[in-house]
Amino acid sequence: MTDPVAAKSGFLSMYMSSHPDTLVAYVSHYTKNTDVATASMKSIDSKGMDMSYTLKGQSTPLSIRIPFDPPLLGYEEVKPRLMSMKIDAEESLGMAKNPTISEFSVPWGLLIRGPLIPELVLIFLTFSSSSYAALGRSHLEPYHLIKTAWAIIFATHIPESIYIASLCKKHQTGFANGLLYDMFIFDALLNTPHLLFYTNPNVELRD
């Protein structure tokens, strides 16, 4: 049976030749050697790719076989796999670029579907002087549910605030935007904290 990836090996090798930094990152990562100067893809198939490379200050070409684990099931898997390996390689080498957050925006859709309404109800029951709030408190206070809810919120939000502050520093939000992000910590958002950043339409990549 013909290997569908090997059949496109020439084209893929030529295409990857226009991405020399990515090839160097592959070889540097898989050889655990940061002195790689140049790299080229010699061939590729469903089980791996054969690379040729040189080290800094040397002209003798070396070779390495980088396996695909698991093997590719078809040609359509080549691009996503190479992209995934590129990300892994750049992260291990400290080459990955962190998105920069330039503005603050509130993901209202997530808030409304998540914790916003329950937390507004909790605030209403705690601080409102209306008869409806008093009726609610009369049913909940014997079980200490309101106090327990506030205790859970504070216990979870303090470490979450610290974590969000570290993300703001990492993504260079600036003090004002960082403060706004930290103020808008809600339980559902912080269960997937990166969503707050990477779904932000104002994210820009900085070289």
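Positions are given from 1 along the sequence. Just the heavy atoms: all of them, side chains too, but no hydrogens, waters or symmetry mates, feed the values below.
For S46, the side chain to side chain donor-acceptor pair (under 3.5 Å) partners two or more places apart in sequence, or in a different chain, are D3. A search for side chain to side chain contact (heavy atoms under 4.5 Å, CB included) contacts involving A134 returns R137, not counting sequence neighbours. Partners of S52 by side chain to side chain donor-acceptor pair (under 3.5 Å), not counting sequence neighbours: none found. Remark: D50 pairs with R65 by the salt bridge (Lys or Arg N to Asp or Glu O under 4.0 Å) rule, at least two apart or across chains. Looking at residues two or more places apart in sequence or on another chain, you find a ring-ring contact (aromatic ring centres under 6.0 Å, His included) between Y15 and H19. The side chain to side chain contact (heavy atoms under 4.5 Å, CB included) check on S92 picks up H29, with sequence neighbours excluded. Among residues two or more places apart in sequence or in another chain, the side chain to side chain donor-acceptor pair (under 3.5 Å) test is passed with T54 by T38. With sequence neighbours excluded, the residues that form a side chain to side chain contact (heavy atoms under 4.5 Å, CB included) with T34 are L93. Residues meeting the side chain to side chain contact (heavy atoms under 4.5 Å, CB included) test with S18, sequence neighbours left out: none.
From L55, atom CG reaches atom OG1 of T31 across 7.5 Å, with rounding to the nearest 0.5 Å. For the atom pair OG1 of T2 and CG of D45, the computed distance is 12.5 Å after rounding to the nearest 0.5 Å. To the nearest 0.5 Å, the span separating CD1 on I123 from OG on S128 amounts to 11.5 Å. Rounding to the nearest 0.5 angstrom, the gap separating the CE atom in M51 from the OG atom in S43 is 10.0 Å. Between atom OG1 of residue T22 and atom CE of residue M16 there is a gap of 5.5 Å, rounded to the nearest 0.5 Å. Summarising the geometry, atom OH belonging to Y26 is positioned 5.0 Å from atom CE belonging to M49; distances are rounded to the nearest 0.5 Å.
Listed by first then second residue, pairs satisfying salt bridge (charged side-chain N to carboxylate O under 4.0 Å, His left out) with a partner in residues 14-38 number zero, not counting sequence neighbours.
At a threshold of 4.5 Å between side-chain heavy atoms, the hydrophobic network of Ile, Leu, Val, Met, Phe, Trp and Tyr places L135 and L120 in two separate groups. In the hydrophobic clustering of ILVMFWY residues, with side-chain heavy atoms under 4.5 Å counting as a link, F154 and L122 come out together. Side-chain heavy atoms closer than 4.5 Å link hydrophobic residues (I, L, V, M, F, W, Y) into clusters, and following such links, possibly through other members, connects F127 to V121.
Taking every heavy atom of both residues into account, P159 and A155 meet most closely at CD-O, 3.1 Å. For A39 against V27, the heavy-atom pair with the smallest separation is CB-CG2, 3.8 Å.
Looking at heavy atoms from C-beta onward, S28 lies out of side-chain contact with Y53 at the 4.5 angstrom threshold. For the pair L12 and V5, the minimum side-chain heavy-atom distance is below 4.5 Å.
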Report all side-chain donor-acceptor pairs from residues 78-89 shorter than 3.5 Å, counting only partners two or more places apart or in another chain.
from, atom 1, to, atom 2, distance (Å)
R81, NH1, P70, O, 2.6
R81, NH2, P70, O, 3.1
K86, NZ, E90, OE1, 3.4
K86, NZ, E90, OE2, 3.1

Sequence neighbours excluded and cut-off under 3.5 Å, please list the side-chain donor-acceptor pairs for residues 145-153, or say none.
from, atom 1, to, atom 2, distance (Å)
T148, OG1, H144, O, 2.6
W150, NE1, T126, OG1, 2.8

